Amino acid sequence: ELPDDQCPAEQRQGIYQAMLRANDAWQETAGATLAVDPTEALALLTVSFSVNNLDLPTMLTRISDFSQVAWHWSRRITAMSETAHSPDAV
């Protein structure tokens, strides 16, 4: 979940910029794409791949990779949001 209106606009902007930078050549997303659902204020991570001739080990690897990237970004967005809410944040 993305930061709410309690989070300073600059902090939200920093989160959005980090997400956009991560999409550059998919270096920080393992081929997935980060996006924002403006209606629900959610960060979305999507990936697309063909399942034609996809064997089970490859499919499991792709699911594991996707899950790791999703957890990474969930923790990263939460940490960036919590930094904005901390008493030491300026």
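Starting from 1, each residue takes its place in the sequence as its number. Source: prediction; values computed, not measured.
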Output yes when a side-chain donor or acceptor of [X] lies under 3.5 Å from a complementary backbone atom of [Y], and no otherwise.
{"X": "N23", "Y": "L34", "value": "yes"}
{"X": "S67", "Y": "I63", "value": "no"}
{"X": "T78", "Y": "S74", "value": "yes"}
{"X": "D55", "Y": "T58", "value": "yes"}

Reported [atom1]-to-[atom2] distance for the pair [X] and [Y], which is rounded to 0.5 angstrom:
{"X": "L44", "Y": "M19", "atom1": "CG", "atom2": "CE", "answer": "7.5 Å"}
{"X": "R21", "Y": "Y16", "atom1": "CZ", "atom2": "OH", "answer": "14.5 Å"}
{"X": "Q11", "Y": "E82", "atom1": "CD", "atom2": "CD", "answer": "11.0 Å"}
{"X": "L45", "Y": "W71", "atom1": "CG", "atom2": "CH2", "answer": "13.0 Å"}
{"X": "H72", "Y": "I77", "atom1": "NE2", "atom2": "CD1", "answer": "9.0 Å"}
{"X": "D65", "Y": "T29", "atom1": "CG", "atom2": "OG1", "answer": "11.5 Å"}

| Less than 4.5 Å apart, any side-chain heavy atom of R12 and any of I15? | no
Over all heavy atoms of both residues, which pair between [X] and [Y] is shortest? Give the atoms and the distance, please.
{"X": "A22", "Y": "W73", "result": "CB-CZ2, 3.2 Å"}
{"X": "L54", "Y": "F49", "result": "CD2-CE1, 3.6 Å"}
{"X": "W26", "Y": "A32", "result": "CD1-O, 2.9 Å"}
{"X": "G31", "Y": "V47", "result": "O-CG2, 4.2 Å"}

| message | Restricting to salt bridge (Lys or Arg N to Asp or Glu O under 4.0 Å), what partner residues turn up for R76, sequence neighbours left out? | response | E28
| In terms of hydrophobic clusters joined by side-chain contacts under 4.5 Å, are L20 and V69 together? | no
